Amino acid sequence: MNKQVSAQEAISHIQDGMTILYGGFMGVGTPKILIDALIEQGTKELTVIGNDAATPGAGIGRLISNGQVKKLIASHIGLNPEVAQLMNTGKLQVELVPQGTLVERIRCGGAGIGGFLTQTGLGTEVQEHKQVIQVGTQKYLLELPIRADVAIIRGTVADTLGNVFYRATTKNLNPLAATAADLVIVAAQEIVDPGELDPEKVMTPCVYVNYVVGGES
Amino acid sequence: MNKQVSAQEAISHIQDGMTILYGGFMGVGTPKILIDALIEQGTKELTVIGNDAATPGAGIGRLISNGQVKKLIASHIGLNPEVAQLMNTGKLQVELVPQGTLVERIRCGGAGIGGFLTQTGLGTEVQEHKQVIQVGTQKYLLELPIRADVAIIRGTVADTLGNVFYRATTKNLNPLAATAADLVIVAAQEIVDPGELDPEKVMTPCVYVNYVVGGES
Amino acid sequence: MALKDKELIAWRIAQELKDGDVVNLGIGLPTLVANYIPEEIQLMLQSENGLLGMGALATDAQVDPDIINAGNQHITTQKGASYFHSADSFAMIRGGHVDVTVLGALQVDELGNIASHMVPGKMVPGMGGAMDLIAGARRVIVAMLHTAKGEAKILKECSLPLTGVGKVNMIVTEKAVMEVTSHGLVLKEIMPGSTLDDIFATTEASFFLAENLALNDRKTLEGGEDGDQASNF
Amino acid sequence: MALKDKELIAWRIAQELKDGDVVNLGIGLPTLVANYIPEEIQLMLQSENGLLGMGALATDAQVDPDIINAGNQHITTQKGASYFHSADSFAMIRGGHVDVTVLGALQVDELGNIASHMVPGKMVPGMGGAMDLIAGARRVIVAMLHTAKGEAKILKECSLPLTGVGKVNMIVTEKAVMEVTSHGLVLKEIMPGSTLDDIFATTEASFFLAENLALNDRKTLEGGEDGDQASNF
């Protein structure tokens, strides 16, 4: 059950047209070496789903700059002017989702929950094309789960079984994205043997992880 | 912002007829000293909500044995024959909820989510009186949030601000219950000053906690 | 004799488990499966109270009051274990991240329905995590004795309140191994000591015979090996 | 002058905060509120990327690459801080556990609607966490300049796509402090340097005058004290 492989081998399972969930908030917590490997591999027509578009030189922004992304689903693109430009010229589809709704939809995708009711976005454009469900006197939007073909995750410490710890604010979307994809690849700053990672610090139990890659910066 | 008080002072806010969420799984992770204080105070007609009925001598079982509970909402009562007897003689109302649905309903109560869709219980008695929501070709039960007046929580280590760490399998319902009540009381085995509890081990951020009580066994 | 039957059931189910599987074993008979896991495979046992990587029962010297399984037993943990709260535990279960769950049952029927959590007016222990496990696990294997006090438990239609609808994949008793298919029940194996006539006589449900119907040899068990026939599945 | 206005707004909003509050400050002008929190109160700043207990901006020597706030700034943490993932962060926000959120806005209207996340065809940065903060925080305070390029921003009805419906509780600009009530907007204070005529001239929305309409004295700010008038609220 040793899941450690090279970045190239892990990324070789990602094919043109696939959907990828990525961890990170403004690039902090996005796995740099997996983005490197995806750029090297040149996989195209990707749909990527994560918190934000980072900046042109950081995180998922690099993959977008390199023309490998067909569609971006995120809550915020305001700090990446290149994304706005690509969107306005029709070269990139962008779907904007409220941040709390986005992360909860991903959690539902991993947790086998068919959807959830929220008042976030009620009465705004976010409501379009969505079921409105009434409970008592309150109205809610029904938001549906998100899953992806692949999740690319950045861990601080992982063991070879695939248990992962994320330090400080690098957690963000990482432990959620790791539950909601068919193939989950973790790039870790440090890889240890089973038993060396404090069970109390594991935020992603190994069951969710397919591959562990070392050498993340 | 020092939230440390005595068990008696914390429990004095619990009044007859209130609804209480309690942490613990078969008594492991249920705050013993808060149950002691509730028994001493003699508060009656309580509705208690938690994973199970434990056993007659353990956890919430002691409060039930003492006749202070009007209604129990839980997923399992099979290891507490006294509860079955009280239920059959009409002295205790019991509402049984699938465990995963119960904990997710409590999470919703704390997270401002109006409900969630699940296939757990579909086509069984659990479905009775519930909205069935169709998404695509799939049917789901709409399960609604649970909140309580009070949550009684057992922590391994808490700081005086109310940050809490739960060791090993004492987590169970505790961090969830702590989010879903108007008044949250934590009984901790150890109380430390702010800054002494590793921020990476905090499972209940202090915002959720009203009172911290020391001396839990 | 009863114990021997239960051990046989547990042994047979253990042969279904694969290297790397995440497995949740119900309380009672299913727990025995852990004793027969083939040495060459490594798997992770999940306990719904918030543990992945459950080890053997704790000896008196090993007991840690903060560590129990869902059956309220003090246990040890494997290397690589992790702890989580109940919502994360059931996210794992409901989300399809548990490969196999093994559960006891009062009744099972031709449609893969299962009744396991109550006998109205007699025994109402609550469903615990069973409904979530049945709804969420990728594969649901029922471990039970073929009959209860002479009454059939594999029925045309469950008469007790259902715990899960159409979710059972396999039934293993001391007499038979059956699979639930879209066409109905299929008898795949006759367990050692039983016969086809015996199974017909003690099963209310209709069932098909598998083309390659296998007769398990009790020697396979006694030899501690995974026989050819059992490994067909 | 523009900076002075923004500081004034930030100072005024800081007076609204109470000991023990959990506060989320939006990017830009709202962030300045942190500089004016009265010394005698302790509060916890929440950052939606997964931090409760945000401290001051990190100096070059303090920068930890793993610790940022939602505005992508490297920050320090308070004693008693904690980290969590995004779903737990928004559970905290949506669940009403954040006492106050301070947000910028493009437009606000008489019904407490707010437009803050896009100008169609011109600026579409995405709503980030704003919609969740507006829907979930117990109290929503808007911090903005009273006008944009001479155009009123406090309107009868927002013309831009809404970010939240009927959720704004208070509006603080360099000219006015208004509360949103079920009867409509109420002018509670005239900010130093402004006049009632000025506010009428630069506000499209109708508003009532509070019975105890207060005129904030700029000296209160310069003296660094919480004036009598400001503390009426």
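Lettering follows sequence order; numbering is per chain, from 1. Quick caveat, the model's predicted, so the values are computed rather than measured.
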- Given a strict heavy-atom distance threshold of 4.5 Å, which part of D/Ala91 is in contact with chain A: side chain, backbone, both, or neither? neither
- Between atom CG of D/Asn49 and atom CG of A/Asn51, what is the distance when rounded to the nearest 0.5 Å? 8.5 Å
- Query: Measuring heavy-atom distances to chain D, does A/Val126 have an atom under 4.5 Å in its side chain, in its backbone, in both, or in neither?
  - Reply: side chain
- Item | Residue part contacting chain D, namely of A/Leu122, when any heavy atom lies under 4.5 Å | backbone
- Item | Selection from A/Gly78, A/Pro81, A/Ala84 maximising heavy-atom pairs under 4.5 Å formed with chain D | A/Gly78
- Task: Compare all side-chain heavy atoms of D/Tyr83 with those of A/Lys171 and state whether any distance is below 4.5 angstrom.
- Result: yes
- Item | Value rounded to 0.5 Å, distance of CD1 in D/Ile67 from CZ in A/Arg167 | 5.0 Å
- Task: Identify which of A/Ala53, A/Ser75, A/Gly27, A/Gly121 forms the greatest number of heavy-atom pairs closer than 4.5 Å to chain D.
- Result: A/Ser75
- Could you tell me which portion of D/Met118 (side chain, backbone, both or neither) has an atom closer than 4.5 angstrom to a non-hydrogen atom of chain A? side chain
- Do you know which of A/Leu96, A/Ile77, A/Asn172 has the most heavy-atom pairs under 4.5 Å to chain D? A/Asn172
- Largest heavy-atom contact set with chain A, pairs under 4.5 Å, which of D/Ala115, D/Ala81, D/Ala70: D/Ala70
- Item | Side-chain heavy-atom pair A/Asn174, D/His85 within 4.5 angstrom cut-off | no
- State which residue, out of D/Arg94, D/Met131, D/His117, fulfils the side chain to side chain contact (heavy atoms under 4.5 Å, CB included) condition with A/Pro98. D/Met131
- Can you establish whether the number of heavy atoms outside D/Lys156 located under 6.0 Å from its atom NZ is more than 12? yes
- Distance col, row A/Thr120:OG1 vs D/Asp132:CG, nearest 0.5 angstrom, shows 4.0 Å
- Message: Is it the case that atom CD in A/Gln85 sees more than 12 heavy atoms from other parts of the structure closer than 6.0 Å?
- Response: no
- Message: Is D/Ile68 in contact with chain A via its backbone, its side chain, both, or neither, using a 4.5 Å heavy-atom distance?
- Response: both
- Atom of D/Ser86, atom of A/Val103 and distance for their closest heavy-atom approach: CB-CG1, 3.5 Å
- Note on the structure: Residue from D/Gly129, D/Gly50, D/Gly136 scoring the most non-hydrogen pairs under 4.5 Å with chain A is D/Gly129
- Query: For D/Asp88, is it the side chain, the backbone, both, or neither that has a heavy atom closer than 4.5 Å to a heavy atom of chain A?
  - Reply: neither
- Item | Interface moiety of D/Ser82 toward chain A, non-hydrogen atoms closer than 4.5 Å | neither
- Between the CG atom in D/Asp66 and the CD atom in A/Gln189, the distance rounded to the nearest 0.5 Å is 6.0 Å
- Region of A/Arg105 in contact with chain D, defined by heavy-atom distances below 4.5 Å: neither
- Task: Look up atom CG in D/Asp64 and atom OG1 in A/Thr170, then write down how far apart they are to the nearest 0.5 Å.
- Result: 9.5 Å
- Is the CD atom of A/Gln138 crowded by more than 12 outside heavy atoms at less than 6.0 Å? yes
- D/Ser89 OG to A/Phe25 CZ distance, which is reported to the nearest 0.5 Å: 8.5 Å
- Which atoms of A/Thr118 come close to chain D, meaning under 4.5 Å heavy atom to heavy atom: side chain ones, backbone ones, both, or neither? side chain
- Query: Considering residues, nucleotides and ligands other than A/Lys70, do more than 12 of their heavy atoms fall under 6.0 Å from its NZ?
  - Reply: yes
- Item | Choice from D/Leu133, D/Ile93, D/Asn69, D/Val124 maximising heavy atom contacts with chain A below 4.5 Å | D/Val124
